[in-house]
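Quick note on labels: first sequence line is chain A, next is B, and so on, each numbered from 1. Quick note: numbers below take in every heavy atom, side chains included, and nothing from hydrogens, waters or symmetry partners.
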Amino acid sequence: MKILLIILGSLFIIITGYFLAIDCKSPPSIWALEYLYKIKCGQEEKLPAINLPTPPIATQLPSPTSSSSQPNLLNQKSTATQIGLLYDKPIIDYFIKQNGEIIIVDEIGKIIKIVNGQEEIINEGTAPPNYVLFTNDGSKIVFAFPNLVSVFDLTTKNWKQINEEIIEVAISPKNELAYLKKDGSIFKLDIAKDNFSPQKLIQLNNLDSYLLWKNNKELFIISKPSSVNVGAALLLDTTSKKLSLVYELPGLALNWDSKLDNGLLFSANQLGRGGKIFWVNKDLKNTQLSFITLPFKCAFKEELVNSTTTKSILICAIPKDQSFLENKILVDDWLSYDLYTEDNIYQINLDGLVDPILVNQNGLDVSQIKTYKNGLSFINRFDQKLYFINLPF
Amino acid sequence: MVMFRSYFKKLIIHFSAKYFKTVLLGLIILFSFLVLLKNSFAQQTQNDIIISWQAYNFVPYFFRGKILPTTGSSVYASVDLIQNNKLVNLSKSKIYWYLNNELISNSVGAQKINFIAPSSNVNLRVELPDFGLLKTITIPVVKPKIVINAPFPQKEIKTNYFELNAMPYFFNIPNNDLDFLDVVWKINGRLQKPSAESLFKIKVNITDEFVKDLIVEVSAQNTENPIEWAYKKVNLMFIK
């Protein structure tokens with residue numbers, strides 16, 4: 001009896017000790033300890049496993065939209081789901097303004113404006129950019145070339161170079177540009193102002209990272225993603241300079257909506273194939289989603305709950321063949337174009353509901369997805385063209 | 001009073017003798033508990049060592065993933081320490097770097113190091129003796145790869161004429177110059193001539209009406225280091 005009591009007492013003490021020592025940032029790898037982890041951290045929720053509903057089958061992809069049937073993405077409330085082609089040549093990124101004007105950057109960096117179906121070349125491209133970013137009103141475009149960043153003003157049609165050895169850039173909701181230099185230092189500058197006067201935020205030694213604004217104040221510094229590397233995400237408070245390690249996970253990939261302060265986190269499985277995706281809210285609370293997709297295939301949308309409150313809903317393009325994806329090296333294969341997926345698009349609520357919102361369309365590998373009041377737009381990687389969907393919200 | 005003290009002393013001695021083992025075990029358990037408790041409070045001082053690394057092998061300009069090292073690649077690694085949400089200045093701290101358990105740098109303030117990737121994955125350890133901290137990471141060493149960009153849903157081709165592009169990744173070539181790669185294309189086992197614009201592109205024109213399946217193969221070899229090569233095969237279906 002005494003021995004039993006001693007054993008039980010020891011176990012109690014060991015478990016209590018472990019419980020107190022749990023680090024909420026590192027979930028245990030042993031399943032038996034997960035329960036204790038969840039009691040203490042309570043962070044990770046999982047939506048119940050559900051089968052993805054199959055949307056109704058549609059016909060072929062649409063022909064290019066003529067000027068007379070310019071899709072209405074922004075202003076009218078649509079009553080049925082429609083898919084249309086906004087631009088029928090390969091592009092790398094785009095911006096749709098409130099008034100329906102579309103700004104396109106094509107594969108060689110050419111800037112094109114489309115108004116009522118009429119194309120106007122704003123600037124001839126000189127070199128293909130690595131990627132581009134738009135300011136929140138679409139008035140300026142930041143071109144990230146290798147070791148060079150240039151800002152194009154669509155109003156004055158002037159270029160302005162940021163004369164630094166910049167390797168990564170990100171734009172905040174209030175149009176502040178954060179940039180990471182080769183030496184690991186991070187700066188910010190207000191590109192709305194005529195004179196660029198950068199402010200140094202921090203001097204890190206971090207290599208091979210990218211930046212994402214979490215909101216107007218906080219900035220993520222994230223390892224470039226690979227399933228064979230344990231990636232880290234740091235969060236920097238640009239005002240207080242508080243810096244913290246918020247995630248350290250294999251195959252970490254993060255995508256964030258800085259306006260709604262919500263994001264998607266991807267983590268690879270132990271063997272580097274397949275993975276898990278999590279919806280992360282502004283408090284960095286994770287909810288594992290019941291399907292696999294890539295964080296770059298999702299966008300957030302604000303929905304009115306009543307006259308005073310709103311809630312964030314998630315729109316995701318989800319590959320139809322989920323088991324196929326579980327054997328792929330994610331996200332590497334998709335980023336290197338070794339993998340094309342065929343997606344349906346769904347609306348996901350945090351209560352576990354997954355609603356099909358798009359027709360079941362063959363040949364859609366969604367990237368650069370963006371949401372609007374009455375619809376969404378994306379680039380289809382199969383043809384690199386720009387599509388829109390009017391949604392019956 | 002004296003009697004009471006003596007009685008109390010005897011009682012303690014008697015009790016200690018009878019329950020010596022139990023008391024001893026209890027003390028050991030209490031001690032272990034206090035140690036665990038101390039450790040848990042010690043973790044209130046949050047220390048995070050951040051090790052990052054970068055390889056400079058070739059990737060296409062649009063690739064936003066991590067560039068992985070191959071055997072012989074030059075790899076840079078760096079360390080930062082975050083303590084209680086503040087970045088620590090390590091410029092005057094001892095920093096020991098170990099590559100597969102071999103010391104490669106022990107200079108004060110050496111936050112960045114450079115090494116050549118061996119033939120398999122690397123264990124890289126950083127020790128910060130001034131803080132009593134260490135961290136080990138594994139850096140993967142991979143083989144280069146080549147991708148055939150075949151943007152056809154279901155891998156079905158519906159036109160007689162189409163183009164295919166090959167995209168090399170992670171080759172360790174001088175100045176990331178693609179001229180150092182030899183590229184060979186084959187379709188259904190037959191060598192194909194690349195397009196005039198680029199060795200990495202072929203223009204395919206299917207004239208044989210009986211062709212249904214296309215097996216496209218491409219290989220690339222580093223002319224400076226022939227051991228470094230990659231191969232890819234894609235099966236396409238020709239739908240008339």
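When each of A/Lys242, A/Gln203, A/Arg381 is checked for heavy-atom pairs under 4.5 Å with chain B, A/Lys242 comes out on top. If you tally non-hydrogen atom pairs under 4.5 Å between each of A/Asp332, A/Leu236, A/Leu204, A/Asp237 and chain B, the highest count goes to A/Leu204. The choice from A/Gln384, A/Glu168, A/Lys241, A/Glu342 that makes the most heavy-atom pairs within less than 4.5 Å of chain B is A/Glu342. Counting heavy-atom pairs closer than 4.5 Å to chain A, the top residue among B/Gln154, B/Lys155, B/Lys86 is B/Gln154. For the set B/Gln54, B/Met167, B/Gln111, the count of heavy-atom pairs under 4.5 angstrom toward chain A peaks at B/Gln54.
Interatomic distance, B/Ile51 CD1 to A/Asn205 CG, rounded to the nearest 0.5 Å: 12.5 Å. The structure places CD1 of B/Ile50 at 7.5 Å from CG of A/Leu243, a figure rounded to the nearest 0.5 Å. To the nearest 0.5 Å, the span separating NZ on B/Lys66 from CG on A/Asn229 amounts to 5.5 Å. One distance of note links CD1 of A/Ile202 with CG of B/Leu87; it measures 5.0 Å at 0.5 Å rounding.
Side-chain atoms of B/Tyr169 come within 3.5 Å of backbone N or O of A/Ser336 as a donor-acceptor pair.
In this structure, chain A has a heavy atom under 4.5 Å from the backbone of B/Val79, while its side chain stays farther away. In this structure, chain B has no heavy atom under 4.5 Å from any part of A/Pro146. In this structure, chain B has heavy atoms under 4.5 Å from both the backbone and the side chain of A/Pro128. Interface remark: B/Ala55 contributes no atoms to any contact with chain A (heavy atom separation under 4.5 Å).
Of all the heavy atoms in A/Gly363 and B/Pro153, the pair that sits closest is CA-CG, 3.6 Å. The shortest non-hydrogen separation linking B/Tyr61 to A/Glu107 is OH-O, 4.2 Å. A/Phe382 and B/Phe152 get closest at one heavy-atom pair: CE2-C, 3.7 Å. Residues A/Ser244 and B/Asn85 share a closest heavy-atom pair of CB-OD1, 3.3 Å. Taking both residues in full, the closest heavy atoms of A/Asp208 and B/Trp53 are given as CB-O, 3.5 Å, listed atom of the first, atom of the second, then distance. In this structure, B/Leu68 and A/Ser226 approach most closely via the heavy-atom pair CD2-OG, 3.8 Å.
Within a 6.0 Å sphere centred on NZ of B/Lys201, other residues, nucleotides and ligands contribute more than 12 heavy atoms. For NZ of B/Lys203, the number of neighbouring non-hydrogen atoms (other residues, nucleotides, ligands) closer than 6.0 Å is greater than 12. Surrounding CZ of A/Phe187 are more than 12 heavy atoms belonging to other residues, nucleotides or ligands, all under 6.0 Å away. Open room surrounds CZ on A/Phe324; 12 or fewer heavy atoms of other groups in view lie less than 6.0 Å from it. The number of heavy-atom neighbours closer than 6.0 Å to CG of A/Asp321, taken from other residues, nucleotides and ligands shown, is above 12. At most 12 non-hydrogen atoms from other residues, nucleotides or ligands lie less than 6.0 angstrom from NZ of B/Lys92.
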* A/Leu234/B/Asp80 under side chain to side chain contact (heavy atoms under 4.5 Å, CB included): CA gap, chis, key distance, verdict -> CA-CA 11 Å; A/Leu234 307 178; B/Asp80 279 313; over 6 Å; no
* B/Lys145 and A/Asp338: side chain to side chain contact (heavy atoms under 4.5 Å, CB included), yes or no, with the steps? -> CA-CA 10 Å; B/Lys145 76 171 187 176; A/Asp338 204 5; 4.0 Å; yes
* **Residue pair A/Val230, B/Ile137: steps toward the side chain to side chain contact (heavy atoms under 4.5 Å, CB included) verdict** => CA-CA 8 Å; A/Val230 176; B/Ile137 62 161; over 6 Å; no
* To do: Please test A/Asp183 against B/Lys112 for salt bridge (charged side-chain N to carboxylate O under 4.0 Å, His left out), starting from the C-alpha separation and ending with a verdict.
  => CA-CA 11 Å; A/Asp183 66 358; B/Lys112 275 186 187 166; over 6 Å; no
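No side-chain heavy atom of B/Arg64 sits less than 4.5 Å from a side-chain heavy atom of A/Val331.
Checked by atom type, the side-chain pair A/Tyr340/B/Asn149 shows a donor-acceptor distance below 3.5 Å.
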